[in-house]
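Computed from a predicted structure; not experimentally measured. Quick note on labels: first sequence line is chain A, next is B, and so on, each numbered from 1.
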Amino acid sequence: MTARNGASPPASGAPGRRLPRPGRITPVRISSFTAVSALGRGRDAHVDALRERRSGLRPNDFTGTPLGTWIGRVDGLEEQVLPGRLAEWECRNNRLAWLTLQADSFIEAALQARDRHGPGRIAVIVGTSTSSIGASEEAYRRLTPEGLYPEDLRRPIVHTPHSLGDFVQHALGLAGICVTVATACSSSAKVFAQAERLLRTGLADAAIVGGVDTLCGSVLFGFNSLELVSAEPCRPFDVERKGISLGEAGGFALLEREALAGPWLLGYGESSDAHHMSSPHPEGLGARLALEDALARAGLEPARVDYVNLHGTASARNDEVEARLLADLFPARTRASSTKGWTGHTLGAAGIVEAVLTLLALREGLAPGTLNSRRLDEACGPQIRLENEPAAIRYALSQSFGFGGSNCVLAFGGELPA
Amino acid sequence: MNPPVRSAFVDGISFWAPRLPGWELARQVLRGETTAPAEPARRPAPALLPPTERRRAPDTVAVSLEVAARACEAAGLDPATTASVFASTHGDLAISDYMCDTLVSTPTLTSPIRFHNSVHNAAAGYWTIATACYAPYTALSAHTSTFGEGLLESLVQAVTDGWPLLYVAYDIEAKGPMATMAPSAGLLGAGLVISPRASAHSRLRLDWRVVDGASHPPTVASPGTLALVQGNAMAPCLPLFEALATGRGEVSLALGPGLALGVEIVALECRG
Amino acid sequence: MVATHTSEERELAEMIIAALNLEDVSPEDIDPEAPLFGDGLGLDSIDALEIAMEIAKRYGVQIRAEDEENRRIFSSLRSLSAHIQQHR
């Protein structure tokens, strides 16, 4: 059974490309960044786990109804308490957002930026897939006899997708542009693009970007219904991969044009697959367009890319298409890997978590390999590595592809390309 | 300090609600030239979709594809090369109700079709499948400021990329217990094609700037217009469409607690 | 020539039409021996998953639709119905 392609391919010319390639953008500094995932809280926890090749995945202990799969669960979320002034936003997703703001003192950096630029001049652009739907799920479990939400969950803001953006804005006392992007698994990659455009047009002086997604019944049983979840820890690009492991995570980055230190956002590329709601384009056409646009905005050739953090979910179709694309476009010296064996697929948070891991790879001179995988699919070229390798990484990409055929590729640099 | 005023052009307008099914009719009703039909129209059929996607299309997809297609038609724009911004306050409330309800009783019997339609970007995904569009889209929400933030992102993309862009805003009817916390009634879809430059298709000029929210409270639509889309969560779009209907006027659209998007609709002297 | 349905096959055909919202298809249009997937009815892999879920719900029979070994079961209305009857 193959998914039918609802769309016809373009008739002639470069496949799919009908708008001209974008020009270079002015790079933007990333003055602070952090993440919290099943690997732990903050940058060091992530570097240590990468170096020690320690996976954050564990057998599913999250769902009431048994589901035989492995998950990337963040420890201690149940004990987190939001400050009283933020009680209205209380839910698992916003607790993880709060925990993530504390990591690496990100909140201090954000508040200092607020003092420098003013609360109205800092945009909040954050991504999520399901936001705090977990709170709505809980309300349905605990409906009153009249069929109403229990009193403690009668808080409209946690039952709408913007729960996350609204929480981050209030937690930081900001008053600027504030948007929650929800394009499934590309959400918290696309936030970098949206924020860059706001900075470029002068509508903000700085932007808090990032994303948070937490485990919930909707995604665990939803992906289970698509037969996409693996009964074992996910093995990206492995010839015997059995599907994805779901995870939860949060991450933030502070983008400031005027900052004096920090790595650079060099470019971004966004595209659509025009193919199917839940299967990637068989030739990776949309992914390729996003990749080409990211390189064009960064002013980079594929040969200058040292490391690519792949989407690599360990689903049969994604990994095959993505591996062929890599083999097609990059020289053998470019290293590439999926880090989902460490974190699981964190869906709407995958963009920011993998952006953070990519920035850490730049900073540490460490090209992560691909955890849990043993034998690579024959579609893989020499770029995709299983083992970690020390490497001088100057320029790196992070790829995120989502349901609905939404693709985003980000280009980062420890220095500016000539 | 006054923030700079920037200009964009409105090349296509579309609108769909059960009592205002289509922009031509809506325009006449909002201008007071005619009255809205008493009988609500049936949900538009997403005729653009291939059969496989069409039979799976939920209301969010039906209403947003209708206004997306009409806006592009009006602007003489090829959807296949057009980037888009899709904005919805709550996304697919009917599927959210189904998911939450099923998770209580039989989580392992969750419908894969409904799950893959549950993503906030389902409407945008179906649109790009229907039109063979490889150009980027985004899908966003900002609670009660969703319409304003989505329009702002559309204007920003038009400025930075230099190409006409499709903006689609929609919300659907809430179902089940969810309706008490995320209220929304009926269907409402609104579409605009926004261009950074005037063209033969340009109908109106749209001058915009981001202003302080406290001194620019959101414009409220007339009671008559509000009554026609009773309680839909995308109702904050109405003041702009009233101005578009008359071809002039200033409106303020909320951008969260601190800011507003100030928009002035200006008639073009000579229409192509 | 379309072979006639057994009563179980007809019930299954009705279930598939309702679950997939098949436009303008009646149970008689589904040839019990013709391929279910591919060009005929225009069904794809997500439809197979939806059918598998509906079968689990109605008959209590679990079939993994994405499993290569289950291709034969999903090959026609007749084979799918026979599998359900054997395992319910």
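Counting non-hydrogen atoms of other residues, nucleotides and ligands closer than 6.0 Å to CD of C/Gln85 gives a total above 12.
Residues C/Met53 and B/Ser111 share a closest heavy-atom pair of CE-CA, 3.6 Å. B/Arg55 and C/Leu43 make their closest contact through NH2-CD2, 3.6 Å (heavy atoms, listed as atom of the first residue, atom of the second, distance).
The shortest distance between side-chain heavy atoms of B/Thr52 and C/Ile46 does not fall below 4.5 Å.
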I would like to know whether B/Thr106 and C/Lys57 meet side chain to side chain contact (heavy atoms under 4.5 Å, CB included); could you show each step before the answer?
CA-CA 9 Å; B/Thr106 50; C/Lys57 189 151 83 179; 5.6 Å; no
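At a 4.5 Å heavy-atom cutoff, the contact between B/Thr110 and chain C is made by backbone atoms alone.
Contact tally against chain B (heavy-atom pairs below 4.5 Å) for C/Leu41, C/Leu49, C/Asp47: the top residue is C/Asp47.
Not counting sequence neighbours, the partners of C/Glu23 by the salt bridge (charged side-chain N to carboxylate O under 4.0 Å, His left out) test are B/Arg54.
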